[in-house]
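Every chain is numbered from 1 and lettered A, B, ... according to where its sequence line falls, protein lines coming before strand lines.
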Amino acid sequence: MDYIIHILIIISIFVPLALSLDLLVGRTGILSITHAGMYGLGAYTTAILTKTYGVSFLTSVAVGILVTVCASYMLSKVLSRLKGDYYTLGSFGANIILFSLFMNLTPLTGGPMGIFNIPQAVIFGIPVTSTLAFLLVSLVFMCLVIIFMQMITTSRFGLIIQAIRDDTLATEVFGYNVKDFKTVAFVISASIASIAGSLYSTYISFIDPSSFTLNESIFMLTMIIIGGFASKRGAIFGAVFVILLPELLRFVGLPDSIAAQLRVAIYGAILMYLMYKKPTGVFGNYTP
Amino acid sequence: MKTYNINHHFGGIQALNDVSIFCEEGKITGLIGPNGSGKSTLVNVLTNVLHRMHGKVENGKHFARTFQDAKLWSNLTVLESFLMAQKSESWLYSIFHFSSLEEIKSAKEIIERIELTHHTNTKVRNLSYGQRKLVEIGRALSVTNSQILYLDEPFAGLSDISTPLVKDLILEEKKKGKVVLIIEHDMNIIRTLCDYVYVLDAGKVIAEGTPDECLNNKEVKEAYLGL
Amino acid sequence: MEYFLQIAVDTIVLASLYTLIGTGFSLRYSIVKYLDIGFAVYMTLGAYAYFVFSKYVGLYAFLYSILFSAVVAYICERFYFAKLEDRKSSSMIMMIASLGFMTLVQAVIAMIFTSNVQGLRTDISVYNVFGIAITDVKVISILCAFIFVVLLNLILKRTKFGSHIRAINDNKSLAETTGIPVKKISLIIASISAGVATLAGILYGMDTSVDPLMGMSLLLSGVTASIIIDIQDAKKVYIGAIILAIIQNTVVWFLGGEWKDAIVFLLLIVILLLRPEGLLGKKLIRTV
């Protein structure tokens, strides 16, 4: 039973990751592989603040968002100088730089060993002790993100970013400041990832750089490629599918190290298969 | 709308050479010339697609335009495309902006004018080429408060049924007192629609006048045949 | 003084590797016009292939590994990537497909050989010249890069094959209608670039070590090197590679090796900030 609650918590953390990535990649058309880095910024900020400085959980989330907003804003400005394919390459680089920071700023981030004994969350004075209680918190987060996504995608903003994806020049000619919209989409997407990261670090109470590698970003991309671009349903489906898959592998009983790589290999194979057969994904509204 | 000495070059090639034209309100001005003469380049400069290198433009601010190769938003519906074209806005405003009934009504009116009412909620990518050209024009018409309408070969590839429709649409805009500038290759259209014509060749204005004057001009004929 | 010379030599060796990677990659890019992450695969695959082959055929493993990669590349291109390209798949689809390919192969290699860092050779003879340590590998690396650049230049400028490549780079569809066998050349280049990647991977592995993730970081460095100056001109890539290698080595010397990857990207970003139009060759930038 605890196991099921654990899976549900992970799902409710990753659905917002998928939704926010879809906002950027599926709807705005920006193929950015930095999501794990943004996720990491939130995770590390919360870990450092709550453990070393005794800051409350919610405050640490707020600071995490602030840090991520600044980082993503700067990143977006820099990467926007790169055209087409080189943007994606640059985003790889950004993720690698962030990973290097997590890995090497040992006094702050604990280096390769990471940060452990992250204190449990205390939300509005109530300590979140049981996993069931945490599930409640993460579900609330997931629902809030879903509602937010619903609002943003049906608003004019949601329309404009899709127009930017479909034909940037036309959107520019019709008077829209494309650069601003792209930056805002990037920042919003990163901020949601940051909150998810904060939740993750509080839940697992231990983080290390391995959760925020380039491979993890690719894994997040797989979620929305399977689910389909520009689809909220797709993002949710993709997240659930991709979380449940390795759990199925676990039942097959392979040694952990092999299982971990097998999971990655399967994701790679799925990507190749999907691009060949159905680039739109299961629920996608847009073919890349 | 008036332009003075528009110059533009791409690398070593002078695409526009001291182009000065004058387009009257409530009149349809034609821009003709052989391929590569700079017609689209001029419109691109006037619509900020290309950065204006040299020259002056008067009253050129509020415009709407179509593109020769219908640059539409393929995953948006016709209605959504027109709503977006109505007015541009900032990102902050757009997050809280949900299309009002009025806005939707205005957009639907234009959809009706281009006779695609049954495709109001069809995604543009599912439309035929001819329908897309109509949407391209409709999108330009959706821009509220536009004073100038640039049409880049609006009749190219249109069916016989759609051509009179587009003609009427353009004439309606002319009646509203807009400045209309059309780039076209079809000489019949130029003759019947345009009040005044400029002829470009190799980036220079080689002739101007009424359609008949221009089409009977010796230099113009040479420019078209010479190439 | 000795330290300085040592760094200088090592820098030239590193630059040679980056040159091989940068030019090999841009050769591939000029034909397919999308960022083929698969290039990273062949560096890793080739190095590990050498690892296996060398146990049976010693130094001939060089030849066998390169052939092996060339064949694999040919098969993958013919039966998968070319099919995607035929469908006029967008470059995003191609990039994601190549990303999936890399993820898959990387994971499979990790499953077979473990993720640990391993050495490719145990019998390295070190020569002491003027107090600097020079291995035969280092010398070969420098020679290989030099020969390859000269050879590539000759082929591109003097042979019919080379002119075909340049034509395809300029305008693929036009080249096709002119009767140039684009598909055939595409397959040949896929094999050649895989071979070059393998060579670079083996040389790197001999000089340093191999691990399943080496391909990605080498690719990023190589591409950055070529972006710094001008990707079109192989000679200029060399210069860019030298600059990159100098900076990288200097930083590593002072700050330690963990920042190796991050530095490369920081440099890339700095360059792009200083010259937003980039010191980049026109042909390779696609406007967004």
**OP:** Name, in order of residue number, those residues of residues 95-105 of chain A that have a heavy atom at a distance of less than 4.5 Å from a heavy atom in chain C; otherwise write 'none'.
**Re:** A:I96, A:I97, A:S100, A:L101, A:N104, A:L105

**OP:** Quick one: list whatever passes ring pair (Phe, Tyr, Trp, His ring centres under 6.0 Å) with C:Y80, sequence neighbours left out.
**Re:** A:Y276

Subject >> Region of C:M111 that comes under 4.5 Å of a non-hydrogen atom in chain A >> reply: both

Original post:
Using non-hydrogen atoms only, which part of C:I37 is less than 4.5 Å away from chain A: side chain, backbone, both, or neither?
Top reply: side chain

**OP:** Please state whether the side chain, the backbone, both or neither of A:T88 comes within less than 4.5 Å of a heavy atom of chain C.
**Re:** side chain

Original post:
For C:S69, which residues count as a side chain to side chain contact (heavy atoms under 4.5 Å, CB included) partner, sequence neighbours excluded?
Top reply: C:Y42, C:A194, C:T198

Subject >> Contacting moiety of A:F229, where chain C heavy atoms sit under 4.5 Å >> reply: side chain

Subject >> Nearest-0.5 Å distance that lies between atom CD1 in A:I218 and atom OG1 in C:T103 >> reply: 4.0 Å

**OP:** Please round to the nearest 0.5 Å and tell me the distance separating atom CG of A:L271 and atom CD1 of C:I93.
**Re:** 12.0 Å

Original post:
Of the backbone (N, CA, C, O) and the side chain (C-beta and beyond), which part of C:M216 lies under 4.5 Å from a heavy atom of chain A, both, or neither?
Top reply: side chain

Original post:
For A:F283, does the CZ atom have more than 12 heavy-atom neighbours from other residues, nucleotides or ligands under 6.0 Å away?
Top reply: yes

Subject >> Of A:L221, A:L31, A:T222, the residue whose pairing with C:L99 passes side chain to side chain contact (heavy atoms under 4.5 Å, CB included) >> reply: A:L221

**OP:** Mind ranking C:K83, C:M94, C:R87, C:M102 by heavy-atom pairs under 4.5 Å with chain A and telling me who comes out on top?
**Re:** C:R87

Original post:
What's the spacing between C:L104 CG and A:M272 CE if we round to 0.5 Å?
Top reply: 6.5 Å

**OP:** Give a yes or no on this: more than 12 heavy atoms of other residues, nucleotides or ligands lie within 6.0 Å of atom NZ of A:K179.
**Re:** no

Subject >> Heavy-atom closest pair, residues A:Q261 and C:A110 >> reply: CD-CB, 3.4 Å

Subject >> Partners passing ring pair (Phe, Tyr, Trp, His ring centres under 6.0 Å) against C:F81 (at least two apart in sequence or in another chain) >> reply: C:F101

Subject >> Spacing of A:M275 atom CE and C:M95 atom CE [to the nearest 0.5 Å] >> reply: 11.0 Å

**OP:** Measure A:P288 against the heavy atoms of chain C and call it side chain, backbone, both or neither at under 4.5 Å.
**Re:** both

Subject >> Shortest non-hydrogen separation from C:A107 to A:A265 and the atoms involved >> reply: CB-N, 3.5 Å

Subject >> chain A contacts, top residue of C:T114, C:L220, C:I96, C:V108 (heavy-atom pairs, under 4.5 Å) >> reply: C:I96

Subject >> Side chain, backbone, both or neither of A:L79 within contact of chain C (heavy atoms, under 4.5 Å) >> reply: neither

